[in-house]
Amino acid sequence: MKHSAFDMSVSAAEIIARRIPIMWWGMVSPTASSQAEMTKMVVEKQMAFAETCLAMQQEMFLMMTLPWSPAAPERMMQAVLAPAARRVKANVRRLRR
């Protein structure tokens, strides 16, 4: 699946707009759900970073072992964007509820 940087940026802006009130209310009047959301924000970024590093290493290995292809850079970019794109899509769905 191709991940569009434009789609991700629009969705990321929506996520930020939906999370700012949660963070603000979480500081003014902390609840278990606001604390869980803030923890989830941090953990999901750490997991996406780790998955991105692994995907990049896998694609670099393929680039070194397979004959070079003009599609290789695009394949690497899509592999690197995939972990963040999955989380952005999931967050938009979850926060819209």
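Start at 1 with the first residue, then count along the sequence. Treat the numbers as computed from the prediction; the structure is a model and nothing was measured.
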Please find the pair of heavy atoms, one from P83 and one from A48, that lie closest to each other, and give the distance. CB-O, 3.9 Å
CH2-OG distance between W24 and S29, expressed to the nearest 0.5 angstrom: 9.5 Å
In Å and rounded to the nearest 0.5 Å, what is the CG to CD distance from L54 to Q57? 6.0 Å
Within 6.0 Å of CE in M47, more than 12 heavy atoms from elsewhere: no
Student check: side-chain heavy atoms of R18 and N91 closer than 4.5 Å: no
To the nearest 0.5 Å, how far apart are CZ in R86 and CG in L81? 11.0 Å
Could you tell me whether the side chain of V28 reaches within less than 4.5 Å of the side chain of W25, counting heavy atoms only? yes
Begin with the C-alpha distance, continue with both residues' side-chain angles, and end with the deciding distance and a verdict on side chain to side chain contact (heavy atoms under 4.5 Å, CB included) for L95 and E37. CA-CA 10 Å; L95 292 171; E37 183 65 28; 3.9 Å; yes
Quick one, E14 and V10 - any side-chain contact, counting heavy atoms below 4.5 Å? no
Just do the salt bridge (charged side-chain N to carboxylate O under 4.0 Å, His left out) check on K45 and E51 with the steps written out, would you? CA-CA 10 Å; K45 286 166 185 59; E51 289 174 24; over 6 Å; no
Please give me the minimum heavy-atom distance between P73 and S69, naming the atom from each residue. CD-O, 3.9 Å
Find the distance between CZ (R94) and CZ (R87) and round it off to the nearest 0.5 Å. 11.5 Å
Taking all atoms of both residues into account, what is the closest heavy-atom pair of Q35 and G26, and its distance? NE2-O, 3.9 Å
Using 0.5 Å steps for rounding, measure from the CE atom of M38 to the CE atom of M23. 8.0 Å
Neighbour count above 12 (heavy atom, 6.0 Å) for M41 CE: yes
Is there a path from M56 to L62 through hydrophobic residues (I, L, V, M, F, W, Y) whose side chains come within less than 4.5 Å of each other? no
Which pair of non-hydrogen atoms, one from I15 and one from V88, has the smallest distance, and what is that distance? CD1-O, 3.5 Å
Out of curiosity, does M63 fall in the hydrophobic cluster containing M77 (side-chain heavy atoms, cut-off under 4.5 Å, transitive links)? no
Backbone N/O of P30 and side chain of S34: donor-acceptor pair under 3.5 Å: no
About how many Å separate OG of S11 and CZ of R93, when rounded to the nearest 0.5 Å? 10.5 Å
